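What you see is a predicted model, and the numbers here were worked out from it, not measured in a lab. Numbering of residues begins at 1 and proceeds along the displayed sequence.
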Amino acid sequence: MKGMLHVMALALTASLFAPAGATAQTYPSKPVRVLIPWPAGGSNDVVGRIVMQKVSEALGQQFVVDNRGGAAGSIGADVVAKAPADGYMIMVHSTTHLGNAHIYGKKLAYDTLKDFTGVGMLSAQPGVLTVHPSLPVKTAREFIALAKSRPGQINYSSSGNGSAPHLQMALLISMTGIDITHVPYKGGAPQVTALMAGETQASFATVGTVITHIRNGKLRPLGLGSTTASKALPGVPTLAQSGVPGYDMSPWIGVFVPAGTPKAIIDRLNTEINKALAIPDVIQKLENQALDPAPGTVGQFNATLKADYDKYGKLIKLIGAKIE
């Protein structure tokens, strides 16, 4: 009996002082909760479900999606920030996560940079400068020239103050000196509806929200906000190529975990995410949504987070967007 107790004590001691990597070797040993801080059906939800299903299959464990929408994703993000840093709670969020830090400021119950670690990017959401067909312009250069000749007379719609479309247009305004009027709407659908109805004459929108209307001739694309072409809009140049050198602002969707999550677990998740993004079926499904798969390393994603955090902070200060 005494010998058995001695063996049990040794086993317990070994488990207590096992190296941190030992946990990652068996990860995941139970279902993983994938919190998406947006309602079902949006880009974050679609991308998260497509990619995490493949990660689930590869790791042999359930990845259960939990949609927690509200306050531009900050309600769900707060849940993740306070979760144990063990890899069993991950978050699929967009560039809005960074914008919220500057929009909400001290009203947030978490620190956007300190309380999260980026695991990897899932997809880029290229934005496109789009106009109503009644506007007599066919290129970004012509749009800029027209706006300068009509200061304050052109209205542009966005999906809300501080939203990606708002910030994309704010960057264009700051780089060109044009004077156009912002008309915010409550979401991407109303934003595009207003543009199609002629209530506004211009807008930045994700390619996926306007692609059908562009193909039907109801809207006209002028230039992409990203530095690369979009397969969904062949022939449409980037803004950097068409009159605004250096323009670069492409929203994205990525995966986060609570700060302090073991590096080995983060690296394993990143590896499996990148493998999933290389599967032809996944690529096709994302491209059908006009989303570009964006695999990369943990280091690359966290460098993007820091750069975009600073970029969005400057833009939001410029436009004065904040939650009172």
**Prompt:** Taking it one step at a time, do Leu167 and Lys311 satisfy side chain to side chain contact (heavy atoms under 4.5 Å, CB included)?
**Reply:** CA-CA 10 Å; Leu167 297 181; Lys311 179 188 291 187; over 6 Å; no

Applying side chain to side chain contact (heavy atoms under 4.5 Å, CB included) to Gln201 and Tyr156, what does each step give before you reach the verdict? CA-CA 6 Å; Gln201 294 77 51; Tyr156 76 92; over 6 Å; no

Exercise. Carefully, step by step, assess Leu129 and Met169 under the rule side chain to side chain contact (heavy atoms under 4.5 Å, CB included).
Key: CA-CA 8 Å; Leu129 175 60; Met169 192 67 86; 3.6 Å; yes

*Could you walk me through whether Met52 and Ile90 pass side chain to side chain contact (heavy atoms under 4.5 Å, CB included), step by step?*
CA-CA 10 Å; Met52 288 306 152; Ile90 67 177; 4.0 Å; yes

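Placement of Val32 and Val47 within a single hydrophobic cluster is found when ILVMFWY residues are connected by side-chain heavy-atom separations under 4.5 Å, directly or transitively. By the criterion of side-chain heavy atoms lying less than 4.5 angstrom apart, applied directly or through intervening Ile, Leu, Val, Met, Phe, Trp or Tyr residues, Val131 is not grouped with Met196; the two fall into different hydrophobic clusters. There is no path of hydrophobic side-chain contacts, each under 4.5 Å, that joins Val51 to Val64. The hydrophobic cluster containing Val244 does not contain Leu224, counting ILVMFWY residues as joined when their side-chain heavy atoms lie under 4.5 angstrom apart, directly or transitively. In the hydrophobic cluster analysis, where Ile, Leu, Val, Met, Phe, Trp and Tyr join through side-chain heavy atoms closer than 4.5 angstrom, Leu315 is grouped together with Tyr104.
Between the side chains of Gln125 and Ser94, no donor N or O sits under 3.5 Å from an acceptor N or O. Under the 3.5 Å distance criterion, with hydrogens and angles disregarded, no donor-acceptor pair is assigned to the side chains of Tyr312 and Thr96.
His97 has its ring centre less than 6.0 Å from the ring centre of Phe116. Close placement of the Phe301 and Phe256 rings is indicated, their centers lying within 6.0 Å of each other.
Proximity of Ser226 to Trp252: side-chain heavy atoms (C-beta onward) are nowhere separated by under 4.5 Å. With a 4.5 Å cut-off on side-chain heavy atoms, Trp38 and Asp45 do not count as touching. Using a 4.5 Å heavy-atom threshold, the side chains of Ser29 and Gln61 count as separate. Counting heavy atoms from C-beta on, the side chains of Val282 and Lys285 never come closer than 4.5 Å. Counting only heavy atoms from C-beta outward, the side chains of Lys275 and Glu272 approach each other to under 4.5 Å. Using a 4.5 Å cut-off on side-chain heavy atoms (C-beta onward), Ser43 and Gln289 make no contact. Side-chain atoms of Ile214 and Leu233, non-hydrogen and from C-beta on, do get closer than 4.5 Å to each other. Residues Val257 and Ile266 meet the side-chain proximity criterion, which asks for heavy atoms closer than 4.5 Å.
In terms of heavy atoms, Thr117 sits closest to Ala259 at OG1-CA, 3.7 Å. Considering all non-hydrogen atoms of both residues, Thr95 and Pro251 come closest at OG1-CB, 3.5 Å. Ala71 approaches Ile75 most closely through the heavy-atom pair CB-CG1, 3.9 Å. Nearest heavy-atom pair across Ala81 and Tyr110 is CB-CB, 3.7 Å. Closest of all the heavy-atom pairs between His93 and Gly73 is NE2-O, 3.6 Å.
Between the NZ atom of Lys138 and the CZ atom of Arg220 there is a distance of 6.5 Å, given to the nearest 0.5 Å. Here the straight-line distance linking atom CG of Asn302 with atom CE of Met121 works out to 10.0 Å at 0.5 Å rounding. Thr209 contributes atom OG1, which lies 6.5 Å from atom CD of Gln191 (distance to the nearest 0.5 angstrom). A distance of 13.0 Å separates CG of Leu122 from CG of Asp292, quoted to the nearest 0.5 Å. Rounding to the nearest 0.5 angstrom, the gap separating the CD1 atom in Ile144 from the CD1 atom in Ile173 is 11.0 Å. In this structure, CZ on Phe204 lies 4.5 Å from CG on Leu239, to the nearest 0.5 angstrom.
For Lys306 and Asp310, the salt-bridge test passes: some basic side-chain N is under 4.0 Å from an acidic carboxylate O.
Around atom CD of Gln153, more than 12 heavy atoms belonging to other residues, nucleotides or ligands sit under 6.0 Å away. Within 6.0 Å of atom NZ in Lys82, more than 12 heavy atoms from other residues, nucleotides or ligands are found, so the atom counts as buried in its surroundings.
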